[in-house]
Amino acid sequence: MTPWLTAAPILVPMLTAALCVAAWKYPVAQRVLSLLGSLILLVIGGILGRGVMEQGVQVAQMGAWAAPFGITLVVDPLSAVMVFISAVMGFCVALHALGDIDPVRERGGYHVVFQMLMTGVCGAFVTGDLFNMYVWFEVMLISSFVLLSLGGVREQIDAAVKYVCINMVATACLLLAVALLYGVTGTLNMADLSLRVPDVPSQPVISAIAVLFIIAFGMKAALFPFFFWLPATYHTPAVSVQAIFAGLLTKVGVYALIRVFTLIFTGDTAWTHGILMWMAGITMIVGVLGSLAARDLHRAWSWQVVAHIGSMVMGLAISTPLALAAAAFYMVHDIVVKTNLFLGAGLVRRLAGGSTDYKYLGGLFKTAPWLCLLLFVPLGSLAGFPPLSGFWGKLLLVRAGLEAEQYVMVGVLLLTGLLTIWLVGRVWAEMVWKAPAEPPAEPVQPLSAARSYVLILPLLLLSLITVAIGVNPERLMNAAGQVGDSLHDNTAYVEAVLGGSPGRPTLLGAAEVSP
Amino acid sequence: MMESLILRTGVRLLLPLMLLFSIFILWRGHNEPGGGFVGGLICAVGFALHAIAFGVKAMRDMLRIDPRTILGTGLLVGITPGFLGALSDEPYMTAQWLGALGTPVLFDIGVYLVVVGAILAMVQTLMAEGED
Amino acid sequence: MEVIMALTVGGMVAGSVYLFLSRQYLRVMFGVIVLSNAVNVAILTVGRLTSGRAPLISRGNEVMDQAAANPLPQALILTAIVIGFGLLAFALALGYRAYQEMGTLDTAAMRAAEPEDKR
């Protein structure tokens, strides 16, 4: 394992984006580059994941500047799993985009911005430095702004306005939190921080900064009470964009929460993890109720994104090795299922004539019976039917909750699951069995055979992954178990980054900070 | 576009000076305060002033290259020298030196081009909107 | 000096929150500008207000030969300014576009993405 492999998840999409800019005038070349880049990222993610699971945490010091002074890239089991699954989503969405993205959006630079988004996502996963994480969040954010407003439809512009406002505030909060943490510890390297934070004389200050981090990452992850921007925006852009947003963006926020609250803020867990527990519980309830109230397929799924963020954060809030493993397992399952659901909703919209309002849905069993079968996989997994992946995720979470004696949270989780089953039943009835509205919202555009294959193939891949996880959960469970253990006991992470040498100088004011 | 004689005459004189100064700042950044970002900003401001005085079309004609091409070239120039570390088995972005010249200056030139390209692309798009 | 800086940051944040409470998109954006500047001042302050030369090691030396300003907050602020600049340029262009599309920048009247229920 070389440092190059560790840096590759950032370098590959970044280079792809640069090449796509160079080929600005040639959309076909951009498509090929984007697909090829995503495929290479997928391969690299696989090799890296395997290496980390077998050989432990991988570290690369950029520019050969030693930690904690330089920028460190760290791939621990959680990062490796996230990079790999993101690469899978990147590839599936890049494939779907070939049939989905119209020439106007393509000329607007869709492929460039998509690759920049992947750069930001992967960068946030592999960085070992808090300020660097802020930078990758911003790379991701600016790309998501552009993707959201690309195409310039009125609804998109309106949604983008709200998305931009809330995210600018979240950004400022995150930067302030990072700055204050630097102020009291004199370092920004996360491994170094995990050693120094317990030595800070005034621990209440640390607790206050921790809350600032909860707010900042909570906004990105769409936790209650900062979730309202998500259902207002996710249904507006192109289907590929929706799918990658729903699959990855909020999960990067969850990843950041997990990273920060298992590595740095582990002192005052009764306070910080207590807050997270409350937020997680209310997020689940609010999300699922919102999805039941929605009268539109895309918007129901947007609310479902919110609901399931709550489940993952519940795993973090319980914070036992099993609960963290459950959160990791659930996150992988949820990324696959949500991407699949949004891609599926896009196909349904094409068949229903440009609208996913329940009014216009129906008769799918007659018009596209095979698609129904394909859609049943993510729907069933969302509801948690065995033997699909959602069942195992919920099982792990429930067991972790019972072991930690969090009976109320387990009750909330199960109630959310029950209401989700209701939602799935209702969507199935509206979408598949009901007679379609006459006339449709707009005349249905027939698709060429090649284009429909490109559109359906990613759905098939994602459904296969869901079934594979469901039928043989052992591999992912082992990986998740490794993630849980490594998050619970972070000495391996810290030693890999700092080389186990205590008493190093800090960037600033070491004498002031440590007594 | 502002049809002010003073501005137009001033810009004619200022633009070459600003371009020279931006390159000087870029070069100075090698060992002293300065660098690609500041240099790029000065260069972009020069062209933006030209656009304000003579209109976006005049700026585009003078520039000849699409700002987005500048941006893409800059990205590539900035990213690729980092790979030279691989030759001596060092991590990404490790500076490689040939006497006093090294890869950091290439990275700085990349930054310079990215800043110029990005700002001019913004100026071009926003001002073209305003002139319609 | 730190006290003055802290009070300045507090005042700027208070002002930005006041601006956020407006319904006008432009005022909200002004609030964002003030807030991001407040955060930059905060970074400068928490990095300790040191004075001195530019932190460059002179030729032939291995370490700094005299007191110099802390370079890290400057690097962080520069990065934050660049990012903030990009975000703001996008946000303002978006506001312009939104005004063209919807004829208003009153956020309460912008309901294209979430139309009121007519049922």
Side-chain angles (χ1 to χ4, degrees), chain A residues 69 130-132 134-135 137-139 141-142 145-146 148-149 152-169 171-188 228-229 231-237 293 295-296 299 359 506-509 512, chain C residues 2 9 13 16-17 20 25 28-29 31-48 50 70-73 75-77 79-80 82-84 86-105 107 109-115 117 119:
Chain A
F69 301 105
L130 211 47
F131 190 79
N132 207 229
Y134 158 79
V135 173
F137 259 102
E138 297 317 295
V139 169
L141 194 63
I142 295 182
F145 285 180
V146 178
L148 186 60
S149 52
V153 183
R154 200 155 157 259
E155 285 79 26
Q156 281 183 279
I157 300 291
D158 182 25
V161 163
K162 288 151 197 172
Y163 184 74
V164 166
C165 285
I166 184 83
N167 272 299
M168 301 272 266
V169 179
T171 293
C173 283
L174 177 57
L175 187 59
L176 188 63
V178 171
L180 292 177
L181 197 58
Y182 167 69
V184 290
T185 58
T187 181
L188 285 167
F228 44 84
W229 57 270
T233 53
Y234 271 25
H235 60 287
T236 56
R295 302 280 311 158
D296 178 294
R299 299 186 67 180
K359 250 190 333 211
T506 47
L507 299 178
L508 152 90
E512 293 174 60
Chain C
E2 274 85 358
V9 173
V13 171
S16 68
V17 170
F20 285 148
Y25 179 72
V28 176
M29 278 304 121
V32 167
I33 301 175
V34 176
L35 183 64
S36 60
N37 285 332
V39 173
N40 289 340
V41 177
I43 300 177
L44 189 70
T45 315
V46 297
R48 308 297 187 272
T50 48
N70 182 1
L72 195 73
L76 302 188
I77 292 172
T79 316
V82 173
I83 291 173
L87 288 179
L88 196 69
F90 184 87
L92 291 177
L94 183 73
Y96 180 67
R97 190 62 213 278
Y99 185 71
Q100 280 183 326
E101 284 283 334
M102 284 173 269
T104 177
L105 281 179
T107 43
M110 297 162 90
R111 303 220 38 171
E114 292 175 291
D117 248 338
R119 277 177 296 114

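Note that this is a predicted model, so its numbers are computed, not measured.
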Using a 4.5 Å cut-off on heavy atoms from C-beta on, say whether the side chain of [Y] contacts that of [X].
X        : Y       : result
A:Leu175 : C:Ile83 : no
A:Ile142 : C:Phe90 : no
A:Leu188 : C:Leu72 : yes

At a 4.5 Å cut-off on heavy atoms, which part of C:Leu105 comes close to chain A: side chain, backbone, both, or neither?
neither
So, taking the atom named OH in C:Tyr25 and the one named SG in A:Cys165, what distance separates them when rounded to the nearest 0.5 Å?
5.0 Å
Any residue meeting salt bridge (Lys or Arg N to Asp or Glu O under 4.0 Å) with A:Glu155, in chain and number order, not counting sequence neighbours:
none
Between [X] and [Y], which heavy-atom pair has the shortest distance, and what is it?
X        : Y        : answer
A:Tyr182 : C:Pro73  : OH-CD, 4.0 Å
A:Asp158 : C:Arg111 : OD2-C, 3.4 Å
A:Met168 : C:Ala91  : CE-CB, 4.0 Å
A:Ala172 : C:Val39  : O-CG2, 3.7 Å

State which residues pass side-chain hydrogen bond (donor to acceptor under 3.5 Å, both in side chains) with A:Asp296; sequence neighbours excluded, sorted by chain then number.
A:Thr356
Taking side chain as everything from C-beta outward and backbone as N, CA, C, O, which of these in A:Phe131 sits under 4.5 Å from a heavy atom of chain C? Side chain, backbone, both or neither.
side chain
Largest heavy-atom contact set with chain A, pairs under 4.5 Å, which of C:Leu94, C:Thr45, C:Ile43:
C:Leu94
